[in-house]
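Take a look at the structure below.
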Amino acid sequence: MTEKSAQLTLGETTLDLPIYSGTIGPDVIDVGKLTAEGVFTYDPGFVSTAACESKITYIDGGKGILLHRGYPIDQLADNSDYLEVCYLLLYGELPNAAEKEKFESTINNHTMVHEQLRGFYHGFRRDAHPMAIMCGVVGALSAFYHDSLEISDERHREIAAFRLIAKMPTLAAMCYKYSLGQPFMYPKNNLSYSENFLQMMFGVPCEDYEVNPILAKAMDKIFILHADHEQNASTSTVRLAGSSGANPFACIAAGIAALWGPAHGGANEAVLDMLTEIGDVSNVDKFVAKAKDKNDPFRLMGFGHRVYKNYDPRAKVMRETCHEVLGELGIKDPLLELAMKLEDIARSDSYFIEKNLYPNVDFYSGIILKAIGIPTSMFTVIFALARTVGWVAHWHEMISGSYRIGRPRQLYTGSPQRDFVPLDKR
Ligand code: CMC
């Protein structure tokens with residue numbers, strides 16, 4: 001924090017607004033005292049608004065940098081594993097060997113879900129979107145784990161975090177099994193986090209399931225790349241829900257709902273649908289033209305980002321992983337060729353260049369998920385599973401510090417006060 005200030009003149013009054021500096025990144029102007037002057041700031045979409053202070057994740061959108069607790073995402077993706085990144089996000093430091101082992105074993109001890117939760121699934125149609133089921137069952141966890149709902153108790157918050165991280169793969173895989181009409185698979189705690197997820201997704205009780213290490217590694221990388229992304233729509237939703245004192249399971253369910261939209265986590269599903277619709281390299285130009293047409297609502301899914309005005313660093317890793325996985329599995333996917341062609345055209349087109357529209361994390365992740373065998377409807381669920389740690393870390397950071405209920409104001413443009421008109425006079 002510094003002693004800098006900005007002056008704002010409102011009629012006859014000049015206000016001194018404090019300016020704060022973070023460790024890196026843009027300064028922020030504290031506008032908290034404006035309300036006493038009878039004015040609010042106006043920033044739809046929160047384009048210029050920092051809603052909180054945080055030590056978890058830093059993004060430099062201009063340079064394409066993403067740091068978790070200071071560590072660049074590509075270094076984490078290359079050298080770490082998902083549970084280690086979870087530890088880093090939650091506790092602020094990489095674990096030593098003993099801490100890592102203890103954390104992994106704690107998460108393993110929480111992977112099963114209450115048997116009665118299985119009954120919830122049967123209340124949904126078999127063709128329900130898995131994100132709809134996830135909103136319901138994750139919110140329902142609060143009805144089962146009463147012993148971790150006291151949010152002012154740090155230990156309760158920690159146990160809720162363990163439970164959420166550990167149970168998400170189980171709940172996610174149950175969505176898939178339910179859609180197939182296959183039995184739910186119990187977790188196996190001798191497997192790693194991503195191996196276990198694949199086992200619960202693709203194993204069946206009547207056969208041994210052997211996890212393909214290439215797929216498990218790719219899955220783990222996808223989890224790492226989606227683990228956190230500072231104050232995006234779903235994380236801000238979790239913080240806002242949490243600011244009212246709501247329990248952590250309810251807050252994460254709110255985050256899942258916010259993630260579902262195609263402008264956010266739903267984009268990975270939309271990318272694959274789009275590539276399938278484009279169908280052939282010969283149609284790419286037509287779709288690029290549609291994306292550029294102001295009168296056409298079509299957008300190139302997997303392109304553009306509110307914060308990145310450069311290549312999304314996650315997309316870089318995802319692109320490499322995509323080639324690695326398809327290469328190692330010997331898969332020749334025409335959708336990958338189509339995706340690369342689309343990227344080439346969009347990257348050389350003045351519309352995309354001028355608007356700084358680069359591929360984002362979702363552009364290549366769908367192709368990897370498809371190669372792993374995950375159905376398109378589950379893509380956003382995978383994102384939710386991986387992002388749970390980010391949501392929990394932000395929720396925990398907020399609750400452990402000083403916070404107030406989030407309550408934005410508005411520019412009212414409705415009718416001024418008027419008298420009620422009886423029905424016979426309208
Ligand atoms: N295709 C074509 N034009 C685009 C695209 C696109 N994908 N994205 C933005 N634009 C244009 C947009 O029409 C606008 O043009 P103009 O200034 O002439 O009106 C300009 O670029 C700025 O777009 P915006 O909608 O004002 O930007 P935003 O920051 O509000 O939206 C976004 C960001 C990610 C919602 C948007 O780029 C988009 O809809 N992309 C496609 C969906 C997508 O891939 N989402 C995943 C985001 S990354 C994962 C995540 O965070 O969940």
Side-chain angles (χ1 to χ4, degrees), residues 43-49 57 59 61-62 64-66 68 73 131 134 222-239 254-275 277-278 284-319 339 342-369 376 379-391 394:
D43 183 21
F46 307 117
V47 180
S48 302
T49 297
T57 289
I59 302 174
I65 292 172
L66 168 62
H68 291 323
I73 188 65
M131 284 295 275
M134 289 302 280
I222 288 183
F223 290 157
I224 293 176
L225 293 173
H226 287 91
D228 189 42
H229 212 227
E230 55 116 299
Q231 314 307 325
N232 54 82
S234 55
T235 304
S236 298
T237 301
V238 170
R239 278 188 180 258
I256 295 173
L259 185 76
W260 193 358
H264 194 7
N268 54 12
E269 184 177 338
V271 169
L272 224 73
D273 291 344
M274 175 189 76
L275 291 175
E277 195 190 340
I278 296 176
V284 168
D285 286 336
K286 193 174 87 196
F287 279 85
V288 169
K290 265 166 78 64
K292 288 158 56 177
D293 181 356
K294 279 258 154 275
N295 301 316
D296 190 324
F298 176 78
R299 282 186 169 200
L300 280 193
M301 285 303 174
F303 272 81
H305 198 276
R306 168 62 62 78
V307 181
Y308 292 119
K309 301 303 165 201
N310 201 324
Y311 214 101
D312 179 340
R314 302 168 300 170
K316 262 189 203 151
V317 182
M318 209 62 102
R319 191 181 200 271
L342 190 61
E343 183 184 343
D344 282 350
I345 293 184
R347 298 290 310 114
S348 56
D349 188 294
S350 60
Y351 173 94
F352 291 87
I353 294 169
E354 277 157 26
K355 293 186 192 299
N356 291 317
L357 298 171
Y358 292 80
N360 60 46
V361 66
D362 290 320
F363 191 63
Y364 282 101
S365 63
I367 297 169
I368 311 178
L369 291 172
T376 320
F379 287 4
T380 314
V381 174
I382 307 284
F383 194 156
L385 183 174
R387 182 56 59 83
T388 294
V389 66
W391 292 330
H394 282 272

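All figures in this text were calculated on a predicted structure; none of them were measured in a lab. Numbering of ligands and ligand atoms starts at 1, following listing order.
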Sub-4.5 Å side-chain heavy-atom contact between [X] and [Y]:
| X | Y | result |
| --- | --- | --- |
| Val288 | Tyr351 | no |
| Phe223 | Val389 | no |
| Glu343 | Tyr364 | yes |

Regarding [atom]: of the candidates [options], which has the closest heavy atom?
| atom | options | answer |
| --- | --- | --- |
| atom 34 (C) of ligand 1 | Pro262, Ala233, Gly304, Gly302 | Gly304 |
| atom 1 (N) of ligand 1 | Asn232, Asp293, Leu300 | Leu300 |
| atom 9 (C) of ligand 1 | Thr235, Leu357, Leu259 | Leu357 |
| atom 45 (N) of ligand 1 | Pro297, Gly261, Pro359, Ala263 | Ala263 |
| atom 12 (C) of ligand 1 | Arg299, Lys355, Arg306 | Arg299 |
| atom 50 (C) of ligand 1 | Met274, His264, Arg387 | His264 |

What is the nearest protein non-hydrogen atom to [atom], stated with its residue, atom name and distance?
| atom | result |
| --- | --- |
| atom 47 (C) of ligand 1 | Asn360 ND2, 3.6 Å |
| atom 41 (C) of ligand 1 | Phe303 O, 3.4 Å |
| atom 19 (O) of ligand 1 | Lys294 NZ, 3.3 Å |
| atom 48 (S) of ligand 1 | His305 CD2, 3.4 Å |
| atom 42 (C) of ligand 1 | Met301 SD, 3.5 Å |

Below 4.0 angstrom from a heavy atom of [X], which ligand 1 atoms are there? Numbered from 1 as shown, please.
| X | result |
| --- | --- |
| Ala267 | 43 (C), 44 (O), 45 (N), 46 (C) |
| Phe383 | 52 (O) |
| Tyr351 | 2 (C), 3 (N), 4 (C), 11 (C), 13 (O) |
| Asp362 | 46 (C), 48 (S), 49 (C) |
| Gly265 | 52 (O) |

* Asked: Can you list the steps and then say if Phe363 with Leu300 is a side-chain contact (heavy atoms from CB on, under 4.5 Å)?
  -> CA-CA 10 Å; Phe363 191 63; Leu300 280 193; over 6 Å; no
* Where is the tightest heavy-atom contact between Gly390 and Asp228, given as atom of each residue plus distance? -> CA-OD1, 3.5 Å
* To do: Please test Phe379 against Ser365 for side-chain contact (heavy atoms from CB on, under 4.5 Å), starting from the C-alpha separation and ending with a verdict.
  => CA-CA 9 Å; Phe379 287 4; Ser365 63; over 6 Å; no
* Asked: For ligand 1, is any non-hydrogen atom under 4.0 Å from Lys292's backbone (N, CA, C, O), its side chain (CB onward), both, or neither?
  -> neither
* Asked: Angle class for the His229/His305 ring planes (parallel below 30°, perpendicular above 60°, tilted otherwise)?
  -> perpendicular
* To do: Please say whether more than 12 non-hydrogen atoms of neighbouring residues, nucleotides or ligands are located less than 6.0 Å from CZ in Phe298.
  =>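 Atom CZ in Phe298 is packed in, count exceeds 12.
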* Heavy atom of protein closer than 4.0 angstrom to atom 27 (O) of ligand 1 ->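 Flag for atom 27 (O) of ligand 1 set to false, no protein heavy atom closer than 4.0 Å.
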* Asked: Any N or O of Lys309 that comes nearer than 3.5 Å to an N or O of ligand 1?
  ->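 No, since none of the N or O atoms of Lys309 sits under 3.5 Å from an N or O of ligand 1.
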